[in-house]
Amino acid sequence: MNKLYLPGLNGMRAIAALVVVIAHFTQIFGVLFGFSFSLYNEGGLAVTLFFTLSGYLITYLLLLEKEKFGTISLKAFYLRRILRIWPLYYLIIILGIAIMYLLYNQNLLNSADGNLTEIILYIIFAGNFVGAVHPVSIHDTYPILVILWSLGVEEQFYLFWPLLLKVFKAPIKIFLFFLAGFAIIKIVIRLFFVDTILSPFISQTRLDCMAIGAIGAYLVLDKELYKNYVRPFLFNKFVQIFAWVVFAIGFTIWLKPFSIFTEDFYSIFFTILLINISKNENTIITLESKLFNFLGRISYGIYMYHVSVMFVLAKFIYKPQDTILYYFLYLTIVILLTVLAAYLSNQYIESYFLKKKNSMSKIKTTN
């Protein structure tokens, strides 16, 4: 059986992963080493790209499964998610606790400091609740586990999303209804609950970004919509150029044009780009390359290991004067060590679980 491959998605994963590494390096080494120079300091938009891409790809595969087999196997889907996400996720929790205890004398299991509550939230994939429950936390001291909040959001989304796709015959209406409902919740929280624990929670819980990516998947799989709207409009070169300009502006200037809907704004343009690079043979920019494909395939590991690498490295390397030279030198070392860790993890830890996961997939994919 030929495996499905959507071009360019690994390239997008690679870009998002590297941007997150650069942003967190700037934040963490800025605190630990006092670097004043900042190449890039906003990793949140890259995480939004991850969310959008995940919603696009997973929904694409689920809709394709339903189209070919008449239904969606929820059991197989959840087992695949467990095999892909859980092994490395829980390894990072153990690794993070060990690093902070052995190298920094920080006991993240100390209930007196409130850290135990946070660890429990991470264990149950509720990391996006941490900032709401305990604002002054490991988020503000040693954020070695803070990256796990985004995995919690994804797992929460996929608790119910496949069920919606399985049950409803016209999922596009459900997608739009979900987006409208989520938008109303965000507006109500901003107007009436901005100073409550709901505010930090809703800012991180970007289920709407994943739903926007899902709409992109529906657009390319629905023959009528693809013929009447995607090809004549979204494949238009001027639309592509504008989308790439928004992409570039977002990752350089980081404009926030629509307040609480800024992430949704960027998700729309990310989705346009994902559709073009994966389905448009005449896309104006292709992200297909050996380097991008390599980094994209191990991007989950890059995302998961990079903060641990930074905290280990920071403990043993020379703490220099504040210079741009050392900033780029240490950033390069962090990237190389993170890529190495992610590669070794993929080859010798994750590969066992990935083989099990792939054996359960009705739609075989190399993405």
Side-chain angles (χ1 to χ4, degrees), residues 20-21 23-33 43-44 47 50-51 78 81-160 189 193-207 300-316 334 338 341-342 345 349-350 353:
V20 169
V21 173
H24 284 162
F25 173 85
T26 300
Q27 295 164 6
I28 293 171
F29 272 62
V31 172
L32 297 180
F33 281 29
V47 178
F50 271 129
F51 284 147
Y78 292 125
R81 291 296 299 178
I82 289 171
L83 290 167
R84 180 67 187 108
I85 301 299
W86 288 23
L88 186 52
Y89 183 91
Y90 287 112
L91 175 61
I92 292 299
I93 291 179
I94 296 170
L95 185 63
I97 293 171
I99 289 171
M100 297 314 300
Y101 182 74
L102 295 174
L103 299 184
Y104 291 88
N105 197 30
Q106 295 286 322
N107 185 1
L108 300 187
L109 299 178
N110 187 350
S111 59
D113 295 334
N115 290 333
L116 183 58
T117 301
E118 296 165 25
I119 297 298
I120 293 173
L121 288 173
Y122 283 121
I123 289 173
I124 63 173
F125 288 95
N128 50 320
F129 287 85
V130 169
V133 173
H134 191 197
V136 180
S137 63
I138 48 177
H139 283 271
D140 305 304
T141 52
Y142 292 102
I144 199 163
L145 299 181
V146 70
I147 55 169
L148 301 180
W149 71 268
S150 64
L151 276 300
V153 173
E154 287 208 19
E155 295 302 88
Q156 293 159 29
F157 182 79
Y158 291 123
L159 277 177
F160 65 88
I189 290 175
F193 302 98
V194 69
D195 294 324
T196 70
I197 62 173
L198 293 175
S199 185
F201 165 70
I202 203 67
S203 68
Q204 287 191 326
T205 308
R206 300 174 200 167
L207 305 181
Y300 179 46
I302 292 174
Y303 182 81
M304 296 297 279
Y305 282 108
H306 75 280
V307 176
S308 295
V309 168
M310 289 179 197
F311 276 97
V312 173
L313 185 65
K315 195 66 178 178
F316 296 104
V334 164
T338 300
S345 175
I349 299 176
E350 298 165 66
F353 300 100

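Bear in mind that the values here come from a model prediction, so they are computed numbers and not experimental data.
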#### Entry: Atom of F29, atom of L313 and distance for their closest heavy-atom approach
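Looking at all heavy atoms of both residues, the closest pair is CZ-CD2, 4.4 Å.
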
#### Entry: M304 versus I147, closest heavy-atom pair with distance
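Heavy-atom minimum between the residues: O-CD1, 3.5 Å.
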
Are side-chain heavy atoms of [X] and [Y] found at a separation under 4.5 Å?
{"X": "M310", "Y": "L32", "result": "no"}
{"X": "W149", "Y": "V130", "result": "no"}
{"X": "I349", "Y": "L88", "result": "no"}
{"X": "I119", "Y": "L145", "result": "yes"}
{"X": "I28", "Y": "F33", "result": "no"}
{"X": "I144", "Y": "Q106", "result": "no"}

Between [X] (side chain) and [Y] (backbone), is there a donor-acceptor pair under 3.5 Å?
{"X": "Y90", "Y": "I123", "answer": "yes"}
{"X": "T338", "Y": "V334", "answer": "yes"}
{"X": "Y303", "Y": "V47", "answer": "no"}
{"X": "Y305", "Y": "S345", "answer": "no"}

#### Entry: salt bridge (charged side-chain N to carboxylate O under 4.0 Å, His left out) partners of residues 81-102, not counting sequence neighbours, each pair once
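Qualifying pairs: R81-E154, R81-E155, R84-E350.
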
Which value, rounded to the nearest 0.5 Å, describes the distance between [X] atom [atom1] and [Y] atom [atom2]?
{"X": "S308", "Y": "L103", "atom1": "OG", "atom2": "CG", "answer": "10.5 Å"}
{"X": "I93", "Y": "L95", "atom1": "CD1", "atom2": "CG", "answer": "11.0 Å"}
{"X": "L151", "Y": "Y122", "atom1": "CG", "atom2": "OH", "answer": "11.0 Å"}

### Task
State yes or no: are the ring centers of Y89 and F125 separated by less than 6.0 Å?
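Y89 vs F125: aromatic centres under 6.0 Å.
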
### Message
With a sphere of 6.0 Å drawn around OH of Y78, does it hold more than 12 non-hydrogen atoms of other residues, nucleotides or ligands?
### Response
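Yes, because the 6.0 Å sphere around OH of Y78 holds more than 12 heavy atoms from other groups.
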
### Task
Using ring pair (Phe, Tyr, Trp, His ring centres under 6.0 Å) as the criterion, list what pairs up with Y300, not counting sequence neighbours.
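By the ring pair (Phe, Tyr, Trp, His ring centres under 6.0 Å) rule, Y300 matches no residue at all.
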
